[in-house]
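Naming: A, B, ... by sequence-line order, numbering from 1 per chain.
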2 protein chains.
Amino acid sequence: MDAPKFPTFRPLYQQIKDLLLERIASGEWSPGTYIPSEAALAASYDVSVGTLRKALNELVAENVVIRQQGKGTVVATHDTDRVLFRFFNLWRHDGERGLPVSRPLGRKLRKATADEARDLGLEPGAKVIHISRVRDLEGVPTLVEQITLEAARFPGLEKDPEVLPNTLYHLYQQRFGQTVAHADESLVAVAASAQDAEHLDVQPGDPVLQIRRIARDYQGTPIERRISTVTTRHYGYFNQL
Amino acid sequence: MDAPKFPTFRPLYQQIKDLLLERIASGEWSPGTYIPSEAALAASYDVSVGTLRKALNELVAENVVIRQQGKGTVVATHDTDRVLFRFFNLWRHDGERGLPVSRPLGRKLRKATADEARDLGLEPGAKVIHISRVRDLEGVPTLVEQITLEAARFPGLEKDPEVLPNTLYHLYQQRFGQTVAHADESLVAVAASAQDAEHLDVQPGDPVLQIRRIARDYQGTPIERRISTVTTRHYGYFNQL
DNA sequence: TAAACTATATCCTATACATGACTTGCGGTT
DNA sequence: AACCGCAAGTCATGTATAGGATATAGTTTA
């Protein structure tokens, strides 16, 4: 009758799944690594192959690992198109899409604002790295990004790679061991600021789309705060329900 | 070596899944119906329970059916909160959400515009039903909806229920046997028109969010075209990646 | 009457095993 | 050197079965 808030038991395959995820999150199996085979893992945990399989299939559903018949099971990286487009939802109105090209605007180390600290779960005044850039789609300036990162997780990023790559998430993963596994986005329509208007080639006050994203790691801890201001003349934000 | 564009074989469980989906789409098992048990279905199709189970689990993942231990497997309806909120992505900025209340603006039978015909996959000039309404969230007018439906699928809807219910998808399902199974949405920021501004209590030209949705049935055929114009002062469009 | 128990039906978990499909590398052949 | 075929390793599919968890209805019991 009463809904049991604390489930009375926890399936074995979920426990296995947790153990596997832990080994991935800890870096023991870093992204790009092929993990042991079904049979080997099942034997090492002393469970049946079916049980281990069910655990792995949940990780596939969560985009943590990718399995391929005949090859093996690999921890997902951010360099495949599939994962890359998962975090890029802008489509041209005719249904096509292109990859954005970035132009840097600024990069510096400073203290977090109150909003930034709240979104990233940091102490007020904690050190953060702030990056801003413009991104062009097919040569047309389309969005301005304001990115904030916890400095402690990305030591040296305020200076180090002289030129930032186009896709930051791959850099986070390769250079700092920070993998973006999930993200929440909240979209609102706002009037373009004078600055954004200049970068985006629109008039101040023109309507633009503002996307506030918080990107998280495997455990759900915030890694990145990103505010994208987008002109939707040629592109729109696409979503499947 | 070459990627086989036409897969060389089709797994049994997918064939079973198609057969099950067909029986649901055809109306043989209408929403709310409990379908036969695993064992019965497996026997009737002459496959193992495990195979049938895999087919059903895919339908669960696609929100077509809901399985509950001890009870059975039921075809999903649009009257549960879970399914309802799947198609309603507006959240208050503090993270809470409320259910909208609707006020009718108009309803009529007319010929489709070119855009409407294209979006719904109809012949130019086909008969459609157009519905417009304002929706309040916590007493504040927040969005204006312009809804277009193929008249042939919804006979009499231009007049019949004197008062439209708050959640239309449940009505589509109950009265017309039309179940919305998927939807695509495209979001852009636009300037509020004079009309929308009046309904939403903003100034003409103020930035508002425009959501263009095409809702589809089990097979992917368009059922409904809906353009929502939203003021994002208090609410935002939320998405999980 | 109300609570506890029982029986049954359902889906869920877990195991075991056989076979098929796919990838890769190794040898041998040309 | 290039090609071909084979073998081994991997995940995918399909079957079979036993027992557990959950829901419901009916029966017994206090």
Chemist: Under 4.0 Å between a Lys/Arg side-chain N and an Asp/Glu carboxylate O for B/Glu158 and B/Arg107?
Modeler: no
Chemist: Go through the steps for B/Glu62 and B/Tyr218 under the test side-chain hydrogen bond (donor to acceptor under 3.5 Å, both in side chains), then give the verdict.
Modeler: CA-CA 10 Å; B/Glu62 294 171 20; B/Tyr218 293 120; over 6 Å; no
Chemist: From CG of B/Leu52 over to C1' of D/dA16, roughly how many Å is that when rounded to an integer?
Modeler: 15 Å
Chemist: Using side-chain hydrogen bond (donor to acceptor under 3.5 Å, both in side chains) as the criterion, point out the one residue from A/Asp79, A/Thr167, A/Thr179 that pairs with A/Gln173.
Modeler: A/Thr179
Chemist: Of the non-hydrogen atoms in B/Phe176 and B/Leu157, which two are nearest, and what is the gap between them?
Modeler: CZ-CB, 3.8 Å
Chemist: Which residues pass the ring pair (Phe, Tyr, Trp, His ring centres under 6.0 Å) test with A/Tyr13, not counting sequence neighbours?
Modeler: none
Chemist: Assign a letter to each nucleotide of nucleotides 9-14 of chain D from its 5' end: B, base within under 4.0 Å of a protein heavy atom; S, sugar-phosphate only; -, no contact.
Modeler: BBBBBS
Chemist: Rounded to the Å, how far apart are B/Leu41 CG and C/dC11 C1'?
Modeler: 13 Å
